[in-house]
Amino acid sequence: MNSSPLSDSIFEIVHSYKVAMRRALKAKELGLNKMYVKCLSFIHASENCTANDIVSHFGRDKAQIARLIKDMIENGWLTKSPDPNDKRSQLLVLTTEGQELAIRVLDAQSALQTKMQHNLTDEEIALFKKIAGKVSENLKL
């Protein structure tokens, strides 16, 4: 049996993915960090997105998300508009530049998905997903 901890393999995969994603997006040049990427993708995929939706989805505190949204507005990626269904809330809307970045993120994710699956059979992919799911569930116990 391999004596290397399972956490080493998980860390290696996560680290490799983050490095590949940063490289594919040229994230440093664009001023993108991990949370910008996640939020751009989430807002892009959402019909009507509010700051509270982001807080709930990512499990981050409201102050952190408020700062993130403020930065994204200052970067020209996002605007706020009144929520017609809730006067206390504002909808987050990607600008044209924000939409382009979100599409760039989706394209990079798709390319990395293809790259990760290279030389893997459908059975190996299914087994990996099954094992990863079990490991994730074990950590939630």
Side-chain angles (χ1 to χ4, degrees), residues 1-95 97-141:
M1 183 161 179
N2 189 345
S3 63
S4 175
L6 190 56
S7 58
D8 286 355
S9 296
I10 293 169
F11 177 77
E12 188 175 338
I13 290 170
V14 170
H15 179 70
S16 295
Y17 182 82
K18 285 161 92 174
V19 168
M21 185 60 120
R22 273 190 235 124
R23 191 178 324 120
L25 289 172
K26 297 183 171 105
K28 219 171 195 174
E29 294 172 23
L30 298 172
L32 290 171
N33 66 29
K34 179 178 74 170
M35 279 307 294
Y36 290 146
V37 169
K38 286 180 163 188
C39 284
L40 283 167
S41 298
F42 183 76
I43 295 166
H44 184 264
S46 301
E47 181 90 15
N48 292 312
C49 184
T50 65
N52 282 336
D53 294 332
I54 295 172
V55 167
S56 297
H57 183 76
F58 293 112
R60 303 291 177 123
D61 66 67
K62 287 182 182 181
Q64 180 185 15
I65 297 303
R67 284 189 302 274
L68 186 76
I69 290 169
K70 180 179 173 274
D71 290 348
M72 291 175 74
I73 290 169
E74 287 173 1
N75 286 331
W77 304 333
L78 189 65
T79 61
K80 291 181 182 179
S81 67
D83 184 344
N85 301 319
D86 183 354
K87 295 191 187 320
R88 301 166 296 155
S89 189
Q90 293 187 316
L91 298 176
L92 304 175
V93 181
L94 294 176
T95 62
E97 186 177 350
Q99 287 279 355
E100 289 170 0
L101 276 175
I103 290 167
R104 196 167 169 180
V105 167
L106 291 173
D107 289 346
Q109 288 171 333
S110 179
L112 288 178
Q113 179 79 10
T114 300
K115 191 173 185 177
M116 286 187 294
Q117 293 179 341
H118 181 71
N119 289 333
L120 295 176
T121 65
D122 289 343
E123 293 79 19
E124 288 171 325
I125 293 167
L127 181 59
F128 176 81
K129 288 179 178 180
K130 182 178 178 180
I131 292 169
K134 282 184 176 182
V135 170
S136 180
E137 286 303 313
N138 288 345
L139 291 171
K140 293 175 185 175
L141 297 175

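What you see is a predicted model, and the numbers here were worked out from it, not measured in a lab. Heavy atoms only: backbone and side chains are in, while hydrogens, waters and symmetry mates are out.
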Do any side-chain atoms of residues 99-110 form donor-acceptor pairs under 3.5 angstrom with protein atoms, and if so which ones, sequence neighbours left out?
residue, atom, partner, partner atom, Å
Gln99, OE1, His44, NE2, 3.3
Arg104, NH2, Leu25, O, 3.4

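- Going from atom SG of Cys39 over to atom CG of Asp71 covers 11.0 Å, rounded to the nearest 0.5 Å.
- Counting only residues at least two apart or on different chains, no side chain to side chain donor-acceptor pair (under 3.5 Å) pair has a member in residues 125-135.
- Closest approach of Met35 and Asn33 over heavy atoms only: N-OD1, 3.0 Å.
- Glu137 pairs by the side-chain contact (heavy atoms from CB on, under 4.5 Å) definition with Lys140, not counting sequence neighbours.
- For Gln90, the side-chain contact (heavy atoms from CB on, under 4.5 Å) partners at least two apart in sequence or on another chain are Lys80.
- Considering only residues two or more places apart in sequence or on other chains, Ser89 meets the side-chain contact (heavy atoms from CB on, under 4.5 Å) condition with Thr50, Asp83, Asp86.
- Note that CD1 of Ile125 is 4.0 Å distant from CD of Gln117, once rounded to the nearest 0.5 Å.
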Distance-only criterion, 3.5 Å: show the donor-acceptor pairs between side-chain atoms of residues 54-69 and protein atoms not counting sequence neighbours.
residue, atom, partner, partner atom, Å
Ser56, OG, Asn52, O, 3.0
Asp61, OD1, Ala63, N, 3.1
Asp61, OD1, Gln64, N, 2.7

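- A pairwise comparison of heavy atoms in Leu40 and Gly98 identifies CD2-O, 3.9 Å as the closest pair.
- Tested against Leu91 for a side chain to side chain contact (heavy atoms under 4.5 Å, CB included), the candidates Pro82, Cys49, Pro84 yield a single pass: Pro84.
- Residue pairs meeting the ring-ring contact (aromatic ring centres under 6.0 Å, His included) criterion with at least one partner in residues 64-93, sequence neighbours excluded, are Tyr36-Trp77.
- For residues 110-137, no pair satisfies ring-ring contact (aromatic ring centres under 6.0 Å, His included), with sequence neighbours left out.
- Scanning for ring pair (Phe, Tyr, Trp, His ring centres under 6.0 Å) contacts around Phe11 gives His15, with sequence neighbours left out.
- Contacts classified as salt bridge (Lys or Arg N to Asp or Glu O under 4.0 Å) and involving residues 7-20 (residues at least two apart or in different chains) are not found.
- Side-chain contact between Leu78 and Leu94 is present, with at least one heavy-atom pair separated by less than 4.5 Å.
- Residues satisfying the salt bridge (Lys or Arg N to Asp or Glu O under 4.0 Å) criterion with Lys26, sequence neighbours excluded, are absent altogether.
- Judged purely by atom type and a 3.5 angstrom limit, Ser136 has no side-chain atom pairing as donor or acceptor with the backbone of Ala132.
- Every side-chain contact (heavy atoms from CB on, under 4.5 Å) that Leu6 has, sequence neighbours left out, goes to Ile10, Val135.
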